[in-house]
There are 2 protein chains.
Amino acid sequence: MTDDASSPRRGRPPRGATRLTRESIIEATLEVVDADGIDAVSMRTVARTLGVDAKSLYNHVRGKDDLLDAVAEQLLGGLVFPALTGDLRGDLRAIAYGFREGALLHPAAAPLVLTRQLSSWEGLAPVEAVVGVLLRAGCPPDEAVHLLRTLAAMLIGTLLREVSAGPTFGVDDGIAARREALERSGLPAIGEVGAHLARFDREVEFAFTVDLAIDAVAARLSASR
Amino acid sequence: MTDDASSPRRGRPPRGATRLTRESIIEATLEVVDADGIDAVSMRTVARTLGVDAKSLYNHVRGKDDLLDAVAEQLLGGLVFPALTGDLRGDLRAIAYGFREGALLHPAAAPLVLTRQLSSWEGLAPVEAVVGVLLRAGCPPDEAVHLLRTLAAMLIGTLLREVSAGPTFGVDDGIAARREALERSGLPAIGEVGAHLARFDREVEFAFTVDLAIDAVAARLSASR
DNA sequence: ACCTGAACACCGTTCAAGT
DNA sequence: ACCTGAACACCGTTCAAGT
């Protein structure tokens, strides 16, 4: 009941793929993440989807940590930012939405992009885009860096919640129940807003946060001018 | 060369502590996190610091995930928010700094508080505080919830970076080297701000982000009134 | 009620072979 | 140059005992 003698399990990968490669390993890791989440990633599961022994991966990757960094870098590198128009608000909005779109391409993998600190070149592209827009709008360099960091924190915080928000997305029944629980909490302010706290629309929340952030940046720039 | 016969390793915990308890387990977990980081937490390491077998923990905790949730909840429960004065800006600032202070009490454990979504009662206290301030300032309920979520995202994003920022804190040599690398990156905007991008002062960055956020909230409230 | 021995199905990683 | 067998020191968790 074990492998048939004609099974192609020895010596060569059974997947039609050409050869074991850093790229193919990253791709396989992304497959595992998409299918079963980040926690399901192990050297063994990744190797299994490639039809290879786990130890073979070490010929192309320094270890599991390096592999996860590589996945994050690849996703970051895939981000596309639209051409800038010179309009501060429009350009910042385009960058934010471009970042979100890229991060949500593989929602389960998003925490990798959002929380790993990569010392690589890839991470600089979004930074360059944002700082470029701010400088062109007349922002002094030190304030541009502060604004960049605040914008990044907002974007990361918002997207992290978006990809890991578990409940609040169930059936309408869940919303009603959640609302009731909140209103029964005994906390007065929460009771007053329970109806709104029980719902969560990803697009609406993202739009609100981006609008607020851009308003804040614009206000700062016109103040410092 | 194994345990001496008089070793108190059998039957009773060698630590002076009274008894194995959910609280003592949480405390021991926090010890492990503080000493060696979140990744060092395992049922075995936690049990070891208590002088107990790992399997004993299952009498008080549903599993590792439940244990980490419990740690996050305990830290959340320990947050102290100053009495509210009725001044929107002052009160929001006090809540933000109270949250930060609590989160940084155990910096290595902060990601637990910031990223785990707890369905527990503990998480509602900060929510109640923020929403209460907003409502008292005349904010309509739906906008109060949106503002709450945006503020939370900013706070979480900022604190997450603060606790996981690895480099940029080394010797001054590191700053100079980093600055040169950034200016050599070939990206024009980054080149212009490299000197500022190479430095990172936690207090200054936090203050900047909180100020910006509060300005933005105040602007929204006066607009919607 | 609480603790442990034995056991299971996993991990990441190294190193000396093999081709 | 690249892959694997054997091996090591780990994991989380269950369950049937023991007190």
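Just so it is clear: chains get the letters A, B, ... in the order the sequence lines come, proteins before strands, and each one is counted from 1.
Note that the CG atom of A/D66 and the OH atom of A/Y58 stand 10.5 Å from one another [nearest 0.5 Å]. Taken from CE in B/M43 to CG in B/L57, the straight-line distance is 4.5 Å, to the nearest 0.5 Å. Here B/L160 contributes atom CG and B/L155 contributes atom CG; the two are 10.0 Å apart, rounded to the nearest 0.5 Å. Remark: B/L118 CG to B/L68 CG distance equals 11.0 Å, nearest 0.5 Å.
A donor-acceptor pair is defined here as one N or O able to donate and one able to accept, closer than 3.5 Å; such a pair exists between the side chain of B/S185 and the backbone of B/L187. Side-chain N or O atoms of B/S24 include none that pairs as donor or acceptor with a backbone N or O of B/L20 at under 3.5 Å.
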*Let me have DNA chain D in dot-bracket notation, would you? Count Watson-Crick plus G-U wobble pairs, both distances under 3.5 Å, and use [ ] for pairs crossing earlier ones and | for inter-strand partners.*
||.|||||...|||||.||
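Distance B/D36 CG to D/dC10 C1': 15 Å, rounded to the nearest Å. Taking atom CG on B/L50 and atom P on C/dT4, their separation rounds to 11 Å, with Å as the unit. Atom P of nucleotide D/dG12 and atom CG of B/D39 are separated by 12 Å, given to the nearest angstrom.
The gap from the P atom of D/dA9 to that of C/dA9 amounts to 22 Å, rounded to the nearest Å.
Using a 4.0 Å heavy-atom distance criterion, B/S42 is classed as a sugar-phosphate-only contact. Counting non-hydrogen atoms under 4.0 angstrom, B/N59 reaches a base of the nucleic acid.
Judged by the 6.0 Å distance and 45° axis criteria, B/R149 is not positioned over the aromatic ring of A/F208.
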Each nucleotide N or O in nucleotides 13-19 of chain D that has a protein N or O under 3.5 Å away: list the pair and distance.
from: D/dT13; atom 1: OP2; to: B/Y58; atom 2: OH; distance (Å): 2.9
from: D/dT13; atom 1: OP2; to: B/K64; atom 2: N; distance (Å): 2.9
from: D/dT13; atom 1: O5'; to: B/Y58; atom 2: OH; distance (Å): 3.2

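Of the listed residues (A/D39, A/V46, A/T45), just one forms a side-chain contact (heavy atoms from CB on, under 4.5 Å) with A/S42, and that residue is A/T45.
OP1 or OP2 of C/dC3 lies within a sub-4.0 Å distance of a side-chain N or O belonging to B/H60.
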